[in-house]
Amino acid sequence: MVTPSAPHVYLQDIANWDGKEITLKGWLYNKRSSGKIRFVMLRDGTGVIQCVGSIKDIGDEGFAAIDSMSQESSLTIRGTVRADERAPGGFELIMSHVECVATALDEFPISPKEHGTAFLMDNRHLWLRSKRQVAIMRIRHCIVKAIRDFFDENGFTLFDPPIFTNAACEGTSTLFETDYFGEPAYLSQSGQLYGECGAMALGRIYTFGPTFRAEKSKTRRHLTEFWMIEPEVAYMDMWGAAELAEDMICFVVRRVLETRAEELKVIERDAAILEKIQKPFPRISYTDAIEVLKKNGHEINWGDDIGGDEETTISNQYDRPVFLHHFPAELKAFYMKHDPENPKLALGFDVLAPEGKGEVVGGGQREDSYEELVARIGEHGLKVEDFSWYLDLRKYGSVPHAGFGLGLERTVAWLCGLPHVRETIPFPRMISRLKP
RNA sequence: UCCGGAGUAGCUCAGCGGUAGAGCGGGUGGCUGUUAACCACUAGGUCGGGGGUUCGAAUCCCUCCUCCGGAGCCA
């Protein structure tokens with residue numbers, strides 16, 4: 001039991017308890033021993049600390065308890081906090097009492113040594129206990145919170161789109177089909193069309209939810225289930241949406257730097273690189289980008305899609321995110337508004353993250369003309385009746401409007417400097433990963 | 001779907017025609033300041049599956065499976 005003089009303390013607050021007797025509750029991270037002394041590395045989810053036990057303080061009983069526990073056994077330790085130069089976190093705990101809560105019934109699969117990613121992914125449920133994964137999850141949470149705060153503080157309303165959808169917006173090949181009481185239903189691959197309904201109702205909204213893509217992509221940037229944030233604003237044009245994306249990204253980066261410096265250190269992410277993420281981001285048109293790519297030895301022509309290697313070439317020219325805008329309209333989705341000054345171009349943009357991290361945002365202005373949109377739906381081989389509700393937005397008081405989609409996992413991977421998105425979400429879903 | 005790469009102890013890997021190996025992890029013992037502790041001993045294997053070549057295959061050939069990376073598509 002916890003005595004009033006030895007309250008339960010989390011390791012993140014340990015600096016406030018120097019010289020005091022406290023209780024720690026956690027798991028055995030590692031241990032070392034000598035004949036008459038025991039070193040216990042305890043983690044509690046907020047940090048790791050070395051606890052020192054000498055035979056005169058904890059007796060044979062304490063030694064026996066420690067010796068019976070293997071890695072990841074759960075335990076509580078009472079002791080006195082002591083600042084110590086030699087300790088990695090600056091503090092140690094001098095044990096006065098140790099109690100095993102539950103011994104690990106088997107050898108913990110993930111030893112303190114190196115492991116391959118396939119093995120770690122098979123043990124994702126346990127891998128999440130490691131210092132590095134804990135730090136990444138904390139930063140992910142920070143980013144989620146910052147995004148919500150940014151929109152909430154700027155007059156936006158959270159607007160949740162459905163996950164079951166009936167329409168095959170952009171062809172069924174990339175959608176997961178489910179049996180919905182005998183009818184086919186598809187897991188949402190974007191909340192945007194619903195977000196547009198919200199913008200017409202509430203003015204400024206953002207969606208924040210999971211989306212699903214059945215595309216058989218096997219790359220470091222793809223998940224089949226990922227989280228997307230999609231703001232949508234009535235009476236906003238393409239450049240307004242671009243500025244919104246810019247402000248949001250800067251706000252999020254600032255928040256991570258201010259509140260997650262420790263976690264960035266744990267994952268060895270150079271904060272100086274993130275300090276450079278400031279307005280304004282360079283803006284380069286698709287047409288100009290093609291010229292840049294040609295000069296850099298890429299075999300690409302106007303009208304071709306810009307692939308991963310090309311994106312890297314462009315983003316490597318800057319130390320901050322870059323806007324790519326005014327793509328050829330035929331490369332983009334049916335709802336994208338065409339440039340009135342050049343109908344071959346779409347009023348859309350992508351944001352490429354620096355360091356070759358690729359596209360983190362895609363957005364632009366939506367087609368607001370009823371006639372144009374009907375024609376566009378036909379051109380894309382889609383059925384007008386599937387989009388009757390969407391067309392109603394143009395029928396009843398259509399206005400210029402714009403928005404964008406931000407991929408959460410790609411953003412986390414970029415800000416954390418991770419090579420692969422699989423470590424950015426607790427349980428990544430990929431083409432060959434459904435378990436755990 | 002296509003193009004590469006890899007499957008050997010619980011994990012990370014070496015061995016690449018001639019007796020199945022190391023480090024870590026596990027177990028046992030030792031050590032009063034260790035830091036991925038150290039020292040000694042010890043247990044642990046259908047060398048991804050199937051077929052073939054050979055006196056002999058983890059090793060060479062064929063085939064299948066799985067995973068990893070990339071392409072396409074996208075956030």
Side-chain angles (χ1 to χ4, degrees), chain A residues 29-41 48-58 63 67-68 70-72 82 84-89 92 94 104 106-123 126-127 130-131 170-171 173-175 188-192 207 209-230 245 304-312 331-333 350-353 357-363 404-414 419-422 424-425 430-433:
Chain A
Y29 199 69
N30 200 359
K31 65 178 178 182
R32 294 174 278 274
S33 71
S34 222
K36 295 289 188 295
I37 193 166
R38 296 288 184 271
F39 299 99
V40 171
M41 302 293 292
V48 179
I49 193 173
Q50 172 164 283
C51 306
V52 186
S54 68
I55 190 78
K56 65 177 168 26
D57 289 334
I58 59 174
F63 268 34
D67 293 346
S68 73
S70 58
Q71 190 186 355
E72 288 301 320
R82 190 182 71 186
D84 193 313
E85 290 272 315
R86 294 168 292 185
E92 286 189 338
I94 309 304
D106 214 339
E107 180 187 335
F108 193 70
I110 301 172
S111 66
K113 283 274 182 172
E114 294 164 19
H115 299 282
T117 50
F119 174 78
L120 289 169
M121 285 306 313
D122 284 340
N123 291 283
L126 304 175
W127 186 23
S130 74
K131 267 188 275 195
E170 294 163 53
S173 64
T174 65
L175 294 169
S188 172
Q189 63 172 354
S190 166
Q192 186 207 308
T207 72
T211 48
F212 308 86
R213 302 276 167 93
E215 198 58 54
K216 292 187 177 174
S217 301
K218 289 177 72 172
T219 80
R220 61 183 64 199
R221 303 188 303 280
H222 287 88
L223 297 170
T224 55
E225 177 184 306
F226 64 98
W227 288 67
M228 193 150 62
I229 296 88
E230 297 178 284
D304 293 342
D305 215 343
I306 291 180
D309 287 349
E310 286 86 10
E311 285 180 355
T312 302
L331 293 179
K332 292 293 175 180
D350 286 352
V351 175
L352 304 184
K357 291 297 178 188
E359 183 184 346
V360 290
V361 165
F404 64 84
L406 172 89
L408 177 63
E409 285 74 20
R410 285 188 183 178
T411 302
V412 176
W414 161 41
H420 201 300
V421 290
R422 70 186 150 212
T424 65
I425 185 168
M430 297 174 287
I431 182 169
S432 59
R433 177 67 59 186

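Computation of the quantities below employed the complete heavy-atom set of this structure, encompassing side-chain atoms and omitting hydrogens, waters and symmetry-equivalent molecules. Numbered from 1 within each chain, the chains take letters A, B, ... in sequence-line order.
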What's the [atom1]-[atom2] distance between [X] and [N], to the nearest Å?
{"X": "A:Glu311", "N": "B:G70", "atom1": "CD", "atom2": "P", "result": "14 Å"}
{"X": "A:Asp309", "N": "B:G70", "atom1": "CG", "atom2": "P", "result": "11 Å"}
{"X": "A:Leu352", "N": "B:C74", "atom1": "CG", "atom2": "P", "result": "14 Å"}
{"X": "A:Lys218", "N": "B:G72", "atom1": "NZ", "atom2": "P", "result": "15 Å"}
{"X": "A:Asp350", "N": "B:C73", "atom1": "CG", "atom2": "P", "result": "13 Å"}
{"X": "A:Glu310", "N": "B:C73", "atom1": "CD", "atom2": "P", "result": "10 Å"}
{"X": "A:Leu223", "N": "B:C74", "atom1": "CG", "atom2": "P", "result": "17 Å"}
{"X": "A:Met430", "N": "B:C68", "atom1": "CE", "atom2": "C1'", "result": "11 Å"}

What pair of heavy atoms forms the shortest contact from [X] to [Y], and how long is it?
{"X": "A:Gln189", "Y": "A:Phe212", "value": "CB-O, 3.2 Å"}
{"X": "A:Ala413", "Y": "A:Lys357", "value": "O-CE, 4.3 Å"}
{"X": "A:Gln50", "Y": "A:Arg32", "value": "OE1-NH2, 2.9 Å"}
{"X": "A:Arg433", "Y": "A:Asp122", "value": "NH1-OD1, 2.8 Å"}
{"X": "A:Ala104", "Y": "A:Gln71", "value": "CB-O, 3.6 Å"}
{"X": "A:Ser70", "Y": "A:Asp106", "value": "OG-O, 4.4 Å"}

With rounding to the closest Å, how many angstrom separate the [atom1] atoms on [N] and [M]?
{"N": "B:A22", "M": "B:C61", "atom1": "C1'", "value": "30 Å"}
{"N": "B:A36", "M": "B:G25", "atom1": "P", "value": "12 Å"}
{"N": "B:G17", "M": "B:U54", "atom1": "C1'", "value": "9 Å"}
{"N": "B:G45", "M": "B:A9", "atom1": "C1'", "value": "6 Å"}
{"N": "B:C2", "M": "B:A43", "atom1": "P", "value": "48 Å"}
{"N": "B:U46", "M": "B:G21", "atom1": "P", "value": "15 Å"}
{"N": "B:C11", "M": "B:G26", "atom1": "P", "value": "15 Å"}
{"N": "B:G50", "M": "B:C65", "atom1": "C1'", "value": "10 Å"}

For this session: Any chance you could encode RNA chain B as dot-bracket? Rule is Watson-Crick or G-U wobble with both distances under 3.5 Å; [ ] for pairs crossing earlier ones, | for another strand.
Result: ((((((((.[[[[.)..(..]]]].(((((.......))))).....[[[[[..)....]]]]])))))))....
[X] side, atom [atom1]; [Y] side, atom [atom2] - distance, nearest 0.5 Å:
{"X": "A:Phe63", "Y": "A:Ile55", "atom1": "CZ", "atom2": "CD1", "result": "4.0 Å"}
{"X": "A:Trp227", "Y": "A:Thr424", "atom1": "CH2", "atom2": "OG1", "result": "12.5 Å"}
{"X": "A:Arg221", "Y": "A:Glu311", "atom1": "CZ", "atom2": "CD", "result": "6.5 Å"}

For this session: With RNA chain B as reference, determine whether A:Ile94 or A:Arg32 sits nearer its 5' end, using the nearest nucleotide of each.
Result: A:Ile94
For this session: Starting from the 5' end of RNA chain B, give me the residue, A:Leu408 or A:Ile431, whose nearest nucleotide shows up first.
Result: A:Ile431
Closest listed nucleotide, where the reference is the side chain of [X] and the choices are [options]:
{"X": "A:Arg82", "options": "B:C11, B:G33, B:A75", "answer": "B:G33"}
{"X": "A:Ala118", "options": "B:G33, B:C74, B:C67", "answer": "B:C67"}
{"X": "A:Arg213", "options": "B:C73, B:A75, B:G70", "answer": "B:A75"}

Counting only distance, no hydrogens or angles, is the base of [N] paired donor-acceptor with the side chain of [X] under 3.5 Å?
{"X": "A:His222", "N": "B:C74", "value": "yes"}
{"X": "A:Ser217", "N": "B:C73", "value": "yes"}
{"X": "A:Arg422", "N": "B:G69", "value": "no"}

What is the nucleic acid contact for [X], judged by heavy atoms within less than 4.0 Å: base, sugar-phosphate only, or nothing?
{"X": "A:Asp305", "value": "sugar-phosphate"}
{"X": "A:Gln50", "value": "base"}
{"X": "A:Phe119", "value": "sugar-phosphate"}
{"X": "A:Val421", "value": "nothing"}
{"X": "A:Leu406", "value": "nothing"}
{"X": "A:Glu230", "value": "nothing"}

For this session: Using a cut-off of strictly less than 4.0 Å, decide whether A:Ser432 has a side-chain nitrogen or oxygen near OP1 or OP2 of B:C68.
Result: yes
Exercise. Is the side chain of A:Arg410 donor-acceptor paired with the backbone N or O of A:Glu359 at a distance under 3.5 Å, no angle test?
Worked result: yes
Exercise. Taking the six-membered ring for Trp, does A:Phe39 stack with B:G33 (centroid gap under 5.5 Å, planes within less than 30°)?
Worked result: no
Problem set entry | Candidate pair A:Val421 and A:Met430, rule side-chain contact (heavy atoms from CB on, under 4.5 Å), full reasoning | CA-CA 10 Å; A:Val421 290; A:Met430 297 174 287; over 6 Å; no
Atom pairs under 3.5 Å: protein N/O with N/O of nucleotides 22-32 of chain B:
{"residue": "B:G25", "atom": "O2'", "partner": "A:Glu107", "partner atom": "OE2", "Å": "2.9"}
{"residue": "B:C31", "atom": "N3", "partner": "A:Ser33", "partner atom": "O", "Å": "3.4"}
{"residue": "B:C31", "atom": "N4", "partner": "A:Ser33", "partner atom": "OG", "Å": "3.4"}

Problem set entry | Test: A:Arg213 cationic atom under 6.0 Å from A:Phe226 six-membered ring centre, within 45° of axis | no
